[in-house]
Number of protein chains: 2
Amino acid sequence: MTLPLGQGAHSPCDYSEPALLKEIFGRGSEHGSRRRSRGRVETVTRNRVGGITIGQAAAFAGVTVKTVRHYHRLGLLAEPRRDSSGYRRYGSDDLLRLVQVRTLATAGVPLSEIASLLGAGPEQFAAALADVERRLTDRITDLVARRDALHRLADDRALLPDRALAVLDRMTELGFSPDYVAGQREALVLFRALLPEGLDHFLTSLEQRLDDPEYVDLIKRSVAAASWEPDDPQIEELARAIAANLLADRELLALPAGFRIGPDTATRYGLVDHHREDRSPVWARLNALIQAELRSAGVPVPDP
Amino acid sequence: MTLPLGQGAHSPCDYSEPALLKEIFGRGSEHGSRRRSRGRVETVTRNRVGGITIGQAAAFAGVTVKTVRHYHRLGLLAEPRRDSSGYRRYGSDDLLRLVQVRTLATAGVPLSEIASLLGAGPEQFAAALADVERRLTDRITDLVARRDALHRLADDRALLPDRALAVLDRMTELGFSPDYVAGQREALVLFRALLPEGLDHFLTSLEQRLDDPEYVDLIKRSVAAASWEPDDPQIEELARAIAANLLADRELLALPAGFRIGPDTATRYGLVDHHREDRSPVWARLNALIQAELRSAGVPVPDP
DNA sequence: GGTTGACCTTGACCCGAGGGCAGGGTCGAC
DNA sequence: GTCGACCCTGCCCTCGGGTCAAGGTCAACC
């Protein structure tokens, strides 16, 4: 006895047209009839054996056969009895359980927790549900953050702050080549990743130095120096000039406030500093010479 | 030459205290020093060999060593050169690539798409990003829907509509046992899953019938009948009485508007109808008898 | 009675984005 | 010499199933 008002006959079943009735329910006498509805074929007769097959149970629950078997293997559903062919036969109890499992699964409860959840009392059930809901909320928050990060990326694949992009634009305006600016962009990406606390201070000094025409001119000469011979005496001269320019504004060389010094700082700094140095031996030499000049002037420079 | 304003020396490195300087950068003469910071040990000297190790690269990029190796295996990062021990040695180019990959990956871009994304032109890049963003939004929408479903589940693990819960409460008020009401709840869950278009109509008829004291009384006798002998002649009498009661209001037996009839309808109906019937042979017999009564009165009843 | 086509069975492998572990080599410091 | 940290490769694991393989069963049609 399942349903309160009529134990079976009270349900909406007043199909008064006999032909329709037969079409819907089939007949006990003609065993096994198939009817096509929109290309799919459904077998009705099996049910006589007692219990529905896995395909029907899956269809009724809105899942695939594989999913049902998956739940069996996880122990989430008890194995139903088998008929003489070895086919699984599902009763209403089995189907109810499947529907309950699916309800929780589609709500986002991990399969590994559903079994204990369905076996728990109401208060544990509610607590566990709240826990699952909290985890879902966390995942949503995380995904939203990712999407927002992605949205910001749409402008620049390097995800640099606006100030850095402005500085790069300024360089282009000042006549630096696209390739050089691209190199600077790369260096800034590394800087941001490796020395994030120093980026703001560095950008400030960069902005100020780009207002110094002498400095801009020296850097342009450095860029052009890539094609010089590695032992060109002009290199040393240029290095001295650049070092002198840098030393003229020593406070721009100061350590920024809040800069966190870790044991890796020299390594991180070196990676940023020597980026793209391998493209020209002149650059590497120029860099080393400037560092030596600064060092002899009392400015500490890492030597990793 | 990496950074525009000083090619290395311009960076924020004015550590004026010699002891601190040594602490930060180490010394070329003393090769290989370790220092502990919060329990972790970091090696500085390896970098002299040229390039950082996988552990450092991973730490700088904020990932695990496994992740970096995973990216190598996927071809997302080129294998860097190896030192004499077979250890991978990463340069700034490698690290830049790793940072770029991580930027996209943490933004939610699938790893399988990152390689082509980083190699694409700006407009393809933007288009691909928009596509990824759309997919992320879809996932978020889906998760939010799941969470909301979960939230509704917190009240009742069966996810029944409020009307159904009200009917169940009514039954409890009318004095039906908790076990019986639990069975009705299960049957309603099955009903909702298997015959969703019919649920509203069924609940309506249920509400009306529960207002009929004679009907309520008959059902209570049915519940009590579980402990009768299976061949008790009272069963037939009760079945006749229930059938008569049902037939007194035939329009409640009518097919609801909008009810979709599929080839499985009889099977679905049978599952709901016979649910928990196996708990008592009396219920099964009662059900069958009522069905026979209704059938002989011209009401079509499925016989799956 | 043979074929067709749909359905069922078990088992094994695949996805993403790595995690964990095994078993072994290498390095630097004590 | 030994310790601990780091590196190497390779294999199996996750979660929620999908896909393929190889074969058995059932009902309908010719």
Side-chain angles (χ1 to χ4, degrees), chain A residues 26 30-36 39-49 51-59 63-74 76 79-80 82-90 101-102 104-114 135 139 142 146 263, chain B residues 26 30-36 39-49 51-59 63-74 76-77 79-80 82-90 101-102 104-106 108-114 135 139 142 146 263:
Chain A
E30 34 170 344
H31 56 292
S33 67
R34 289 180 175 200
R35 54 207 83 255
R36 295 169 186 278
R40 291 200 57 209
V41 174
E42 320 244 356
T43 308
V44 174
T45 313
R46 278 192 196 277
N47 315 327
R48 301 211 132 271
V49 184
I52 58 177
T53 66
I54 192 172
Q56 287 179 306
V63 298
T64 68
V65 171
K66 263 320 247 202
T67 300
V68 177
R69 284 204 273 249
H70 191 52
Y71 292 170
H72 284 310
R73 208 154 48 85
L74 295 182
L76 212 42
E79 282 282 352
R82 308 275 182 135
D83 64 15
S84 57
S85 314
Y87 289 11
R88 294 178 178 87
R89 291 295 179 172
Y90 296 82
V101 168
R102 271 318 285 177
L104 290 174
T106 60
V109 180
L111 298 188
S112 56
E113 299 176 21
I114 289 182
R135 296 203 307 261
R139 277 188 58 195
D142 180 59
R146 284 179 178 223
Chain B
E30 34 170 345
H31 56 289
S33 68
R34 288 179 176 205
R35 54 207 82 254
R36 295 171 185 278
R40 292 199 56 210
V41 174
E42 319 243 356
T43 307
V44 174
T45 314
R46 279 192 197 275
N47 317 326
R48 303 210 131 271
V49 184
I52 59 176
T53 66
I54 192 171
Q56 286 179 307
V63 298
T64 69
V65 171
K66 274 300 257 208
T67 300
V68 177
R69 285 203 271 250
H70 189 55
Y71 291 172
H72 284 312
R73 211 153 49 83
L74 294 182
L76 211 42
L77 302 178
E79 281 282 351
R82 308 276 181 136
D83 65 15
S84 57
S85 313
Y87 289 10
R88 293 179 179 88
R89 291 296 180 171
Y90 296 84
V101 168
R102 274 315 288 177
L104 290 174
T106 59
V109 180
L111 298 188
S112 57
E113 299 173 19
I114 289 181
R135 296 202 307 258
R139 277 188 59 192
D142 180 59
R146 285 178 177 223

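Letters go in sequence order (proteins before strands), and every chain restarts at 1. Everything numeric here is computed off the predicted structure, so don't read it as measured data.
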Looking across every strand, which nucleic acid part, if any, lies under 4.0 Å from A:Ile54 by heavy atom: base, sugar-phosphate, or nothing? sugar-phosphate
Have a look at A:Arg69 and say if it touches a base, only the backbone sugar-phosphate, or nothing, with a 4.0 Å heavy-atom cut-off. base
Looking at [atom1] of [X] and [atom2] of [Y], how far apart are the two atoms once the value is rounded to the nearest 0.5 Å?
X	Y	atom1	atom2	value
A:Tyr71	A:Lys66	OH	NZ	13.5 Å
B:Thr67	B:Leu76	OG1	CG	11.5 Å
B:Arg69	B:Leu77	CZ	CG	13.0 Å
A:Leu104	A:Glu113	CG	CD	10.5 Å

Within this structure, what is the [atom1]-to-[atom2] distance between [X] and [N], rounded to whole angstrom?
X	N	atom1	atom2	result
A:Asp83	D:dC26	CG	P	7 Å
B:Gln56	C:dG28	CD	C1'	14 Å
B:Arg88	C:dT26	CZ	P	16 Å
B:Ile52	D:dC7	CD1	C1'	14 Å
A:Tyr87	D:dG24	OH	P	11 Å
A:His72	C:dC8	NE2	P	12 Å
A:Arg139	C:dG16	CZ	P	17 Å

What's the shortest heavy-atom distance between A:Arg89 and A:Pro80, and which atoms? O-CB, 3.1 Å
Note: B:Val68 and B:Tyr90 closest approach over all heavy atoms is CG1-OH, 3.5 Å
Using a cut-off of less than 4.0 Å, is there contact between a side-chain N or O of A:Arg82 and OP1 or OP2 of C:dT10? yes
Closer than 4.0 Å, any side-chain N/O of A:Ser85 to the OP1 or OP2 of D:dG24? no
From the candidates D:dC7, D:dG16, C:dC8, the one with an atom nearest any side-chain atom of B:Val65 is D:dC7
For B:Ser84 and B:Pro110, take the nucleotide of DNA chain C holding the closest heavy atom to each; which residue's nucleotide lies nearer the 5' end? B:Pro110
Between the protein and nucleotides 17-21 of chain D, which nitrogen or oxygen pairs come in under 3.5 angstrom?
residue	atom	partner	partner atom	Å
D:dG17	OP2	A:Tyr71	OH	3.4
D:dG17	OP2	A:Arg102	NH1	3.2
D:dG18	OP2	A:Thr64	OG1	2.9
D:dT19	O4	A:Lys66	NZ	2.5

Just wondering, are more than 12 heavy atoms of other shown residues or ligands nearer than 6.0 Å to CZ in B:Arg139? no
